*Asks:* 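What follows is a structure written as structure tokens; I'll ask about it next.
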Number of protein chains: 2
Amino acid sequence: MAVTLAEVAARAGVSPATVSRVLNGGYPVAGGTRTRVEQAIEDLGYVANGPARALAAATSDLVGVLVHDVADSFFGILAGSLQSALAPAGPSDARRLAVVCNTQGAPEAELAYLALLEGQRAGGVVLTGGAAEDPGHTAALAARVTRMAAGGVPVILCGRPPLPLPDELPVATVMFDDRGGAFRLAEHLLALGHRRIAYIAGPPGLSTTRERLAGHRAALVRHDPGLAGICAPLTVHAGFERAAGYDATRELLRRGEPFTAVAAANDTVATGAAAALRDAGIRIPEEVSVAGFDDLPFCVDTAPALTTVRVPLREAGALAAQLVTGRRPLPPGGLTTLPTELMVRGSTGPPPAGGSRP
Amino acid sequence: MAVTLAEVAARAGVSPATVSRVLNGGYPVAGGTRTRVEQAIEDLGYVANGPARALAAATSDLVGVLVHDVADSFFGILAGSLQSALAPAGPSDARRLAVVCNTQGAPEAELAYLALLEGQRAGGVVLTGGAAEDPGHTAALAARVTRMAAGGVPVILCGRPPLPLPDELPVATVMFDDRGGAFRLAEHLLALGHRRIAYIAGPPGLSTTRERLAGHRAALVRHDPGLAGICAPLTVHAGFERAAGYDATRELLRRGEPFTAVAAANDTVATGAAAALRDAGIRIPEEVSVAGFDDLPFCVDTAPALTTVRVPLREAGALAAQLVTGRRPLPPGGLTTLPTELMVRGSTGPPPAGGSRP
DNA sequence: CGGGTGATAGAAAGCGCTTTCTGAATCGTG
DNA sequence: CACGATTCAGAAAGCGCTTTCTATCACCCG
């Protein structure tokens, strides 16, 4: 059917071993021989049989990418830049393939896909998205990651905290400074004069949720130790979807506790919050300021444009790709924290002079 | 290292062949034996070695998904629902893995990734996104697809026209009624009273561009045969990014040809157009109406909410997954056209009474 | 000028599965 | 009750690579 390595070898007048060696390098092959083999490969249009190679080498060209859901822009951008960075010189010289798996953040799904990827002898794995902070899951995940990494498979944790693992393993973590971003965002709101700041946090038990909330609270406390207490009843947990932000905001409104600003766990939730406020006849930012997190592309086009915290997703994806392919050495200590940046736009402004409306 | 099939066989007291048969079915295995094997698999936590299986069976569990760019919501949603639908009963029983490849719509990239996927013995391929309508590329693509399909690999074309291929091949096409959608959108604008309608088309030579433009024009012509001529100077081609829409609109404005509405090739371009209009001090929709295409999630949150045409991306992804896995038989004729739906929102309204502003 | 010493290339043994091809029971039936 | 038909399980031959291990040259130095 397809051209095999043996055919290439025959045409070049060498042994299969030699062809394998020019293909994989790491072994001396004389210039003339190499040229002849390359010519034969070219002539025959040889493309390696991935499974055969993976079986023999016990490692494949597959790179597993676990995301909550690629349909979500956050993960789409991350996965997209990662995939593109896997073939830095363009698709024509691509070799590693990205296997993307939607886990919805569910621990069992992560474990299941990791098992599958291990079965596929994936040459690397990138785990993205906030992690469930459940000891049982963390242990199970750590065990699985240890196994894979011990087998020489690089594992990159991206946007989630490091796992408790032995140091020598090829595991690296790329984090976002979520805490710092949330801190600066809250500072921004405080500087504008807001004191009753509602916060729509992500699902409880998720690392991202905790980090962002922690940064937010830290800023409140720093400004005024009593503020966190005042704002506590204005803090709710919700999912990461727009509808969750909408519902959470309605709930907040229903409670009757006044607030002049609402910060959300991410941009999507923030748009839901903004919609709920609008539907309640509340003007943004004149009556209530709204802020998101992530700086997804749509933020500049909402009405008004959303103040948010930029998370360097493209950079993270590209970095993860370099780390997982070994094109960039794993940093000592294994942890890289990427900076986040406050993006002030139209959805935040000073609180109304006459007091809060809701 | 990992548990092998032979170990499972030993534990169950059967031959490897038998284990393979209970794993793959299609061959009678007595109830008792099957139970014993399943128990052994469970006990040992056996996970099949993908490459070995793929090598022996000459087909892998990989499904190639070619997209222009997963970072783009259009493709992210398509790929996301496709990936999720690959494991209908949840990730724990997933078997097929989605390999997503960003091609940027480039013909060479599509060919390169297809070669790679063929080398990986992919068990199916889904080609999404508008296709370059270049005869050379179409022929090369058709050749490659024929080869793969002839080898029993289902190929699904999604959102692009069918390829000229023999009928018996396992190839199916899932199209969107782009033309109909564009037609109805233009009708909507015409019904509102617009006559000078600008159109920011996609890149020339792309099937999607042609279809949408054709539908748009057909509506103009149907309404008034002279209208297409009037609007011709108001039609420009641009890329699919927001910036392209912004620039194209500025260019349109600079030309001085008045218009009261602008329809864009997609939502992203439309937001760029809207931004350019806003920056020029033009009110939407009071002075100029704006419409997009695709109905990406952010459409409801722009200012004003974007009138657009809904493209059933999730449905298409799920359908493609079913077709490519053989869970749903390929339709006779191979072509399925999914309906599109006009979504009227705030960005379109009647043209200004006093004539057009630009 | 002979035996180390590198530098290259080939032979061959798998990697862990699938899948014929056989073989041995078990069954139904005249 | 004997014989072919049927059902189930095992033996073994690969699938197309990688990778030791081995073999062959050329050299080079004493």
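Naming: A, B, ... by sequence-line order, numbering from 1 per chain. Not measured: the values here are computed from a predicted model.
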*Asks:* Of A:R21 and A:A56, whose nearest nucleotide on DNA chain C comes first from the 5' end?
*Replies:*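 The answer here is A:R21.
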*Asks:* For A:L23 and C:dA9, what is the distance between atoms CG and C1' respectively, to the nearest whole Å?
*Replies:* 16 Å
*Asks:* Would you call B:R160 and B:T173 a side-chain contact if the rule is heavy atoms closer than 4.5 Å?
*Replies:*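 Heavy-atom side-chain distance check fails, nothing below 4.5 Å.
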*Asks:* Quick check against the 3.5 Å criterion: does A:N102 have a side-chain atom that pairs as donor or acceptor with the backbone of B:G80?
*Replies:* yes
*Asks:* If we only count heavy atoms from C-beta on, is the B:L117 to B:L62 side-chain gap below 4.5 Å?
*Replies:*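 Contact flag for B:L117/B:L62 side chains = no.
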*Asks:* Can you tell me how far P of C:dG16 sits from CG of B:N24, to the nearest Å?
*Replies:*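 Computing the B:N24:CG to C:dG16:P distance gives 17 Å.
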*Asks:* If I take atom CG in residue B:L55 and atom P in nucleotide C:dT19, what distance separates them, rounded to the nearest angstrom?
*Replies:* 12 Å
*Asks:* If I take atom CZ in residue A:R36 and atom C1' in nucleotide C:dT8, what distance separates them, rounded to the nearest angstrom?
*Replies:*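 Value for this atom pair: 12 Å.
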*Asks:* Does A:T4 have a side-chain nitrogen or oxygen under 4.0 Å from the phosphate oxygens OP1 or OP2 of D:dC15?
*Replies:*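 For A:T4, the contact criterion (side-chain N or O under 4.0 Å from OP1 or OP2 of D:dC15) is not met.
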*Asks:* Which of these passes side chain to side chain contact (heavy atoms under 4.5 Å, CB included) with B:L323: B:P329, B:P331, B:C158, B:P170?
*Replies:*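 Option passing the side chain to side chain contact (heavy atoms under 4.5 Å, CB included) with B:L323: B:P331.
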*Asks:* Side-chain N or O of B:Y27 less than 4.0 angstrom from OP1 or OP2 on D:dG10?
*Replies:* no
*Asks:* Where each residue is assigned the nucleotide of DNA chain D containing its nearest heavy atom, which of A:S20 and B:G31 is assigned the position nearer the 5′ end?
*Replies:*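 The residue mapped nearer the 5' terminus is B:G31.
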*Asks:* Salt bridge between A:E110 and A:R144, side-chain N to carboxylate O under 4.0 Å?
*Replies:* no
*Asks:* Hey, is the side chain of B:T33 poking within less than 4.0 Å of OP1 or OP2 on D:dC8, counting only N and O atoms?
*Replies:* no
*Asks:* Quickly work out the A:R53 CZ to D:dT19 C1' distance and round it to whole Å.
*Replies:*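 In whole Å, D:dT19 C1' lies 13 Å from A:R53 CZ.
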*Asks:* Would you indicate which nucleotide in C:dA9, D:dA12, C:dA12 comes nearest to any side-chain atom of A:A17?
*Replies:*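 The answer is C:dA12, which lies nearest to the side chain.
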*Asks:* Relative to the 5' end of DNA chain C, which residue comes earlier, A:S15 or A:A52, by the nucleotide with the nearest heavy atom?
*Replies:*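 Nearer the 5' end of the strand: A:S15.
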*Asks:* Just N and O in the side chain of A:N49: are any of them under 4.0 Å from OP1 or OP2 of D:dC15?
*Replies:*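 So the side chain of A:N49 is outside the cut-off, no N or O lying under 4.0 Å from OP1 or OP2 of D:dC15.
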*Asks:* If you only use heavy atoms from C-beta on, which nucleotide in C:dT19, D:dC8, D:dT18 is closest to the side chain of B:A57?
*Replies:*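 Closest nucleotide to the B:A57 side chain: C:dT19.
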*Asks:* So which one's nearest nucleotide on DNA chain D is more toward 5', B:R121 or A:T18?
*Replies:* B:R121
